[in-house]
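First the proteins, then the strands, lettered A, B, ... as listed; each starts at 1.
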There are 4 protein chains.
Amino acid sequence: MSKRLVLSALAQFTAKTAGRNMTKAAYVAVAAGVAAMVVLTAAPAYDAAHHWVDAVLWTCLAYFVFEWLVRLRHMARQGRLALYVFSSSGVVDTIGALAVPVALIAAVEPRTAWLLSILWVLKVVPGIPGLRQLRRVLVLESGPLLSVLVIFLMVVFLASVAEYFLERDVQPATFGSVPAALWWAVVTLTTTGYGDVVPITPLGRMVASLVMICGVGVFGLWTGILATGFAAETRRDNFLKTWETVSKVPFFATLGPAAIADVTHMLRTMDLPARTTIIRKGQQGDCMYFIAAGEAEVELPGKKVPLGEGAFFGEMALLGNNLRGANVTTTKVTRLLVLDLVDFRLLMARHPDLAETIDAEARRRAQENE
Amino acid sequence: MSKRLVLSALAQFTAKTAGRNMTKAAYVAVAAGVAAMVVLTAAPAYDAAHHWVDAVLWTCLAYFVFEWLVRLRHMARQGRLALYVFSSSGVVDTIGALAVPVALIAAVEPRTAWLLSILWVLKVVPGIPGLRQLRRVLVLESGPLLSVLVIFLMVVFLASVAEYFLERDVQPATFGSVPAALWWAVVTLTTTGYGDVVPITPLGRMVASLVMICGVGVFGLWTGILATGFAAETRRDNFLKTWETVSKVPFFATLGPAAIADVTHMLRTMDLPARTTIIRKGQQGDCMYFIAAGEAEVELPGKKVPLGEGAFFGEMALLGNNLRGANVTTTKVTRLLVLDLVDFRLLMARHPDLAETIDAEARRRAQENE
Amino acid sequence: MSKRLVLSALAQFTAKTAGRNMTKAAYVAVAAGVAAMVVLTAAPAYDAAHHWVDAVLWTCLAYFVFEWLVRLRHMARQGRLALYVFSSSGVVDTIGALAVPVALIAAVEPRTAWLLSILWVLKVVPGIPGLRQLRRVLVLESGPLLSVLVIFLMVVFLASVAEYFLERDVQPATFGSVPAALWWAVVTLTTTGYGDVVPITPLGRMVASLVMICGVGVFGLWTGILATGFAAETRRDNFLKTWETVSKVPFFATLGPAAIADVTHMLRTMDLPARTTIIRKGQQGDCMYFIAAGEAEVELPGKKVPLGEGAFFGEMALLGNNLRGANVTTTKVTRLLVLDLVDFRLLMARHPDLAETIDAEARRRAQENE
Amino acid sequence: MSKRLVLSALAQFTAKTAGRNMTKAAYVAVAAGVAAMVVLTAAPAYDAAHHWVDAVLWTCLAYFVFEWLVRLRHMARQGRLALYVFSSSGVVDTIGALAVPVALIAAVEPRTAWLLSILWVLKVVPGIPGLRQLRRVLVLESGPLLSVLVIFLMVVFLASVAEYFLERDVQPATFGSVPAALWWAVVTLTTTGYGDVVPITPLGRMVASLVMICGVGVFGLWTGILATGFAAETRRDNFLKTWETVSKVPFFATLGPAAIADVTHMLRTMDLPARTTIIRKGQQGDCMYFIAAGEAEVELPGKKVPLGEGAFFGEMALLGNNLRGANVTTTKVTRLLVLDLVDFRLLMARHPDLAETIDAEARRRAQENE
């Protein structure tokens, strides 16, 4: 009986966790586990509530082991076991499940063993929004970034040897060896400046000043490169996301590929949950919307008009009168295409046919609502 | 009699503060109040002038309570009471008016109670120029920004556990628990580097160096993302602000929507108070102006020529002779459209008709002034 | 006799210093003066060579007073005295000339009085390259920059009161008053982190962590805004500088305004002194040059061919063979227009007529050199 | 006999090191040498293994001397001796080879003499990827960057004199002279903030706060300028690299120069070693590839289809079906042109002829594979 329950739970859990992206439960487990581990190391707090802390830690561990086994089973069934085990997320799951137990079995002092539970945070990585984008930028700009890094290291080495030479006799304690000077150089070039190791000879300070200014320069280059990469990447991402959608909206179907590419550059996609108010009556409006997927509802006095896929709304705001005339709310999960006033003008200018379609529709609605 | 005075004051005050944006008086009150509160906490200074300080504090408090009541009354009359009370500015007003009194009534030690008057600074928020723009950027770029934040936190956690493990035995005082190590990690990753907690073991320092370099990277990503967002946002804002104006200037009325969109991209709006000198005789000039609203005045030898809405001036500077020929001053609050030399060239190139109009006008004026 | 000499010197000096920008002598004087002042304050160094230091200081002072008088005279003669006196550079000159003497006369302790000579560095300002550009960016972006500043201040105030409240009992010495906490807040939010004032309570540290992260954010916004402004400004500057020149080069005279605007976007101006080698034989080449003003010389085997204004060279590198065929050197101060390979392609694509002209010329030269 | 061996080794070595860029061996030598030098200065570590450390140091030195001699000989043979000796890399080689020996001969204390081996890191410079690009940006933006630097220095001087004046009486030890104050100013303006010198007077702290805020500003300007420069430079570089290649791909041969310039802007070059998998079956695909040089191989069920220069693949992913249909692997070192989905759309839109060619080819293959 209870076996059946467990199996059904297992089945449904499997379904949930089939995909890569984490379940809410997992996020909670990670947060709780790490928090507990942190408390574990803080003597007074731990002594006060060690039962609870231990309980949480063991529960989280149990959860991750369970999750890992379920996934293994699931993948094995689909014959994708090897694929999963050697995939990044697979490795992370394995480590999360085994690191602590192995350490405990290996008779490592418990408090130390549990530190390994910090590795659970790695489970969050795949869930990070826009991580793909970040990675792409780093890859594409890797050339310049790398060269900045090399320059960084060269400055560190040259500066530290110079400082060692200049300061060793005056402060043998802090600048007594090049490794010590290297520490100083990194702390200074990143403009962190702990102040635990500081040059005191005039020449030493001059060298240090140069290093700091280089530090600002390195920051600048680094950022400049990333900023450039990002601008390009963002444009690209937006375009890809939007293109798919645009080409599906009947309203744009009439356009040739050139025009569609053109339109795509102007639109922005927006995904909304159900029962979200998109437009609030009486607000200032500076954009119109196309429904790419899902459904919305216009709350007119007395009646509610549903808008299906491909319908558009909010165009009034772009045709002179700036105040929204009615509430519009989503009824399902909905993907919208947003057209800013700016781009609306351009669109109208370049594709008069679209302009007419919208005008006509707008007029029709205006009459209707009278 | 005095009652009438108060009422009239009240009435006019109401009118003033009907809008969201603050009155000058309020700004003064915030500044004075906060300053007084600051002094209140600095023993010597306070003892020297506690009468004054108390006086200022109570006055400011009285002012804010009064303002709040007036607004409530005003809104109540317009039946927008609920709307106001739950609006951000409404909440801020309420807190500003009630926080301190409530604390005092709750018998909190006065010096502590008055600290709450720091909340008055929140009243400044709605008045911040370009805040809307900032917010939009943060919203649009929230995806990447968030992922950077998550990465930031992951580095903090991983690094702090590592450091705790490496340093706890050597410096139990500073690295005795993960929370302490977390503090170190944040201080280091933001490259703040207080130096109150510093690793001393070789391995610990290597980890720390990596963290610092990551810190520079995080800065870079963060900035790169914001820079990108800003570039887009600025363009957009400018366009919106300008479009409205351009379409109203008769000079451009002849243009089709495409051309107007085009022109709009080239112009920049500028709002000036009355009696401001726009052009100073004999200066280098590299732009011309269109009057979108208001009025300006050209000071020609002997006479003053007024220029009304839609008129333009300063074109001479763009048609060969670089030195301004006469002073031009606003007579009312005026909104100008500025056309840079750069864009002027392009405009002339793309819309020869406009070029002719301007040439003709320029010639006419030249003759006139002979 | 000697009088005449002085007068002639004066006359010629006047001529030199008529313009705003400084003479080399002045730069030397500023450097020497400031250096001497710095030494003046460093006891040992000064005692060693006080005669020299005093000598330098007095000489520099004399020089600046002299320069100031000469300029006054010069301006008075041209009847632009008032204009000059109240101009920024006029004020700076006056201060530079009078500050120290006045202080000495007012019986200020000499060492302190001479500190005022630091104001001499202000004389360098007008000479800073691209300062105009910087200013323009700051002005155009002032809106967002200001709002970031306001946000910065708000964070500072809120954070410092919070810290004061949290830390005052634990560390009355450092967090004993809000002003002290304000100092901490600024040091932290700018991520400077001296470490002289550091929160130690858990809550205090959490607040501090938030402040640091805000600090990174403020950096990011600030930079993002400036980066955006700069991109726009640089484009604009380049265009202006180039436009003038392009329109004067006969080679482009045939083009219509639209094309010229187009070409201008592709070219970059470059000013070279006489006897500078522009192209070195056997080098890799990826751009061609037009002579806008001045003269250059091609060193062919046996003969030297002069190239006057409007001539172009280096086109071979863009027409297939990548290695420079001969040295080209300027004979006078020369302004060149540089056309990168990238833009050359585009230019050829958009303006085939130009392409032909260049091809023809190239062929002609090729034959000639056979 | 052995003589012959050496000579042959020499000959082949010469061949290897004829070019500028370093041999792997050299990189190893630099790393090992510097590491050894670092150890040399760390007393305990050195005492433990001084035989090894000395061995490594002498070996590296021998290597660099040898390399230097070989290059001299090689260049002498080619009659480019002078050219090499005075070239940057020649100077670096000479220093690397002679610095330490000279110091040792000059009877400098050995440990100090060996410090000079840090100069070996300079040998890495020519090998830094994208250094040319960095240099170009710094050169092109030198104007604004320089002005920021001047501003930086002015703030440093003004601030340090102010602080000296305000703090000298309270902390004669740290602010006793302007040079000391200068040190403080640099440490603060770069937001490094060691905390070894900190103002304590209220006025002093206000000045310091201003300096810190300026510091953030300087960072911002610096970065803004570099970001702008980079954006431009990256575009340019990409274009140059790609142009050469595109014009060689027969597929694009039919296009006019305008179109080619257009296409070039869309493509990205990618160099791959042999036996690299470009496309993995079943992956998501969002770009197609053209083979500019080398060869690739499509692994279809049962057979392997080779693709030579000018061939393209991966187009299916852009024509509707998103999953890659087969593995594609390089068989030689291969240069690819990558066309992103984004740009593919635009390309198709602007050059329908290309679209047809690709469609046709795609259809042909589809049938073939049935």
Side-chain angles (χ1 to χ4, degrees), chain A residues 140-144 146-148 150-151 153-154 157-158 161-162 164-165 168 176-182 187-188 191-195 198 200 202 205 208-209 212-213 215-217 219-229 231-232 235-236 239-240 243 256-262 264, chain D residues 34 37-43 45 112 115-116 118-119 121-122 124-125 127-131 133-134 137 145 149 152 179 182-183 186-187 189-196 215 218-219 222-231 233-234 268 286 340-343 345-346 348-350 352 355:
Chain A
L140 287 181
E141 299 292 332
S142 53
L146 203 70
S147 55
V148 173
V150 175
I151 291 166
L153 290 175
M154 283 183 56
F157 272 97
L158 291 169
V161 170
Y164 165 70
F165 178 71
R168 63 181 169 180
S177 70
V178 170
L182 279 168
V187 171
T188 303
T191 75
T192 306
Y194 282 131
V198 178
I200 55 180
R205 289 183 161 187
S209 304
M212 290 172 209
I213 293 169
V216 182
F219 258 100
L221 284 170
W222 202 269
T223 315
I225 296 166
L226 288 168
T228 309
R235 268 196 307 283
R236 181 174 174 291
F239 189 96
L240 279 182
W243 176 275
I260 288 200
D262 191 21
T264 306
Chain D
V34 171
M37 182 274 285
V38 169
V39 175
L40 180 71
T41 64
T112 311
L115 286 181
L116 290 166
I118 189 65
L119 296 169
V121 296
L122 296 176
V124 179
V125 173
I128 299 176
L131 187 67
Q133 199 176 348
L134 275 184
V137 171
L145 289 175
L149 195 63
F152 179 94
L182 279 168
W183 167 246
V186 172
V187 171
L189 193 54
T190 56
T191 75
T192 307
Y194 282 131
D196 57 339
V218 168
F219 258 100
W222 203 269
T223 315
I225 296 166
L226 288 168
T228 310
F230 243 96
E233 196 51 27
T234 311
R268 207 171 67 244
D286 60 5
D340 267 334
L341 181 51
V342 188
D343 305 313
R345 311 277 195 207
L346 293 171
M348 299 303 98
R350 299 209 199 124

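When each of A:Thr223, A:Ile200, A:Val161, A:Leu153 is scored by its heavy-atom pairs under 4.5 Å with chain D, the top score falls to A:Val161. Interface summary for chain D: among A:Gly217, A:Ala180, A:Gly176, the most heavy-atom pairs under 4.5 angstrom belong to A:Gly217.
Heavy atoms closer than 4.5 Å to chain D are found in the side chain of A:Val198, but not in its backbone. Interface residue D:Val187: backbone and side-chain heavy atoms are both found under 4.5 Å from chain A. Of the atoms belonging to A:Thr192, it is backbone heavy atoms, and not side-chain ones, that fall under 4.5 Å from chain D.
Looking at D:Phe152 and A:Ile213, their side chains come closer than 4.5 Å, going by heavy atoms from C-beta outward. Residues D:Val121 and A:Leu158 meet the side-chain proximity criterion, which asks for heavy atoms closer than 4.5 Å. With a 4.5 Å cut-off on side-chain heavy atoms, A:Arg205 and D:Leu182 do not count as touching. Residues D:Met37 and A:Phe157 form no side-chain contact, since every pair of their non-hydrogen atoms from C-beta on lies 4.5 Å or further apart.
Summarising the geometry of D:Val124 relative to A:Val150, their closest heavy-atom pair is CG1-CG1, 4.3 Å, with the distance given to 0.1 Å. Here the shortest heavy-atom pairing between D:Val125 and A:Met154 reads CG2-CE, 3.5 Å. Smallest separation of non-hydrogen atoms from D:Thr41 and A:Pro179: OG1-CD, 3.7 Å.
Under the side-chain hydrogen bond (donor to acceptor under 3.5 Å, both in side chains) criterion, A:Thr191 pairs with no residue at all, not counting sequence neighbours.
Expressed to the nearest 0.5 Å, how far CG of D:Leu40 lies from OG of A:Ser177 amounts to 11.0 Å. Between the CH2 atom of A:Trp222 and the CG atom of D:Leu226 there is a distance of 14.0 Å, given to the nearest 0.5 Å.
Within the 6.0 Å centre-distance limit, the rings of D:Phe219 and A:Phe219 are counted as a close aromatic pair.
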